[in-house]
Amino acid sequence: MTAVATDLDAGREVVDIEVIDTESHASWRGFLSSPRSRGVADVRLVVSDAHEGLVRAAGEVFPGSSWRRRIAHLERSMAEWCRRRRVGGAAVAALKAVFGEKGPALVRTGYARAVELPAAEGPAAADRLETAAPFALTHLDFPREHSK
């Protein structure tokens with residue numbers, strides 16, 4: 001696993017690299033505690049996949065931080081959620097376009113439209129995408145430079 005930190009100037013630095021044998025809450029907590037014990041502090045945003053143990057550990061190790069789901073993982077999940085390739089492809093393309101926008105209002109509006117695309121497949125796909133919205137759009141509360 002690799003942890004990369006971004007400073008206020010959008011500079012990046014690898015703050016930890018470790019091998020963990022399971023993706024359990026305890027493993028993630030240990031992994032995130034390591035850079036914290038070496039001085040990584042004032043963490044405002046954690047970006048990761050939606051692994052439940054990881055999200056929980058991030059909140060415990062870096063209290064007060066926000067969490068954002070990695071967009072690439074959301075796009076992959078969206079493709080899985082949609083049964084017909086044509087609809088899934090359109091939804092994924094819409095998400096890619098949404099996250100390429102600069103203005104928060106455009107991103108929010110585009111995301112809402114992207115939620116409508118898989119609705120033809122049934123409510124489950126659209127519901128999942130809608131449920132992911134707060135964690136996919138967290139970055140809109142931070143400087144644009146940090147979204148990279």
Do Y111 and L140 have side-chain heavy atoms sitting under 4.5 Å apart?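 They are not in side-chain contact.
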Should L95 and I71 count as side-chain neighbours, where that means a heavy-atom distance under 4.5 Å?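 L95 vs I71: side chains apart.
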With [X], which residues qualify under side-chain contact (heavy atoms from CB on, under 4.5 Å), at least two apart?
{"X": "A112", "answer": "none"}
{"X": "L106", "answer": "E101"}
{"X": "T138", "answer": "L45, S66, R68, F142"}

Do any pairs count as a salt bridge (charged side-chain N to carboxylate O under 4.0 Å, His left out) and have a residue in residues 132-142, sequence neighbours left out, and if so which ones?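 Pairs touching residues 132-142 that pass the test: none.
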What's the spacing between H73 NE2 and D49 CG if we round to 0.5 Å?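 H73 atom NE2 to D49 atom CG measures 5.0 Å (nearest 0.5 Å).
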If you look only at pairs with a residue in residues 35-46, which of them pass as a side chain to side chain donor-acceptor pair (under 3.5 Å), with sequence neighbours excluded?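 Every side chain to side chain donor-acceptor pair (under 3.5 Å) pair that includes a residue of residues 35-46, provided the two are not neighbours, is S34-R38, D42-R44.
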According to salt bridge (Lys or Arg N to Asp or Glu O under 4.0 Å), who are the partners of E75, at least two apart in sequence or on a separate chain?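 Once residues adjacent in sequence are excluded, the partners of E75 under the salt bridge (Lys or Arg N to Asp or Glu O under 4.0 Å) criterion are K96.
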Can you list, by chain and residue number, the hydrophobic cluster partners of W67 when the side-chain cut-off is 4.5 Å?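 Besides W67, the cluster holds M1, V15, I20, W28, F31, L32, V40, V43, V46, L54, V55, V61, F62, F135.
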Side-chain hydrophobic cluster, 4.5 Å single linkage: members besides I17: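 Under the 4.5 Å side-chain rule, I17 groups with V4, V14.
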Non-neighbouring partners of [X] that pass side chain to side chain donor-acceptor pair (under 3.5 Å), sequence neighbours left out:
{"X": "R108", "result": "none"}
{"X": "R128", "result": "none"}
{"X": "H25", "result": "R56, E60"}
{"X": "R113", "result": "E116"}

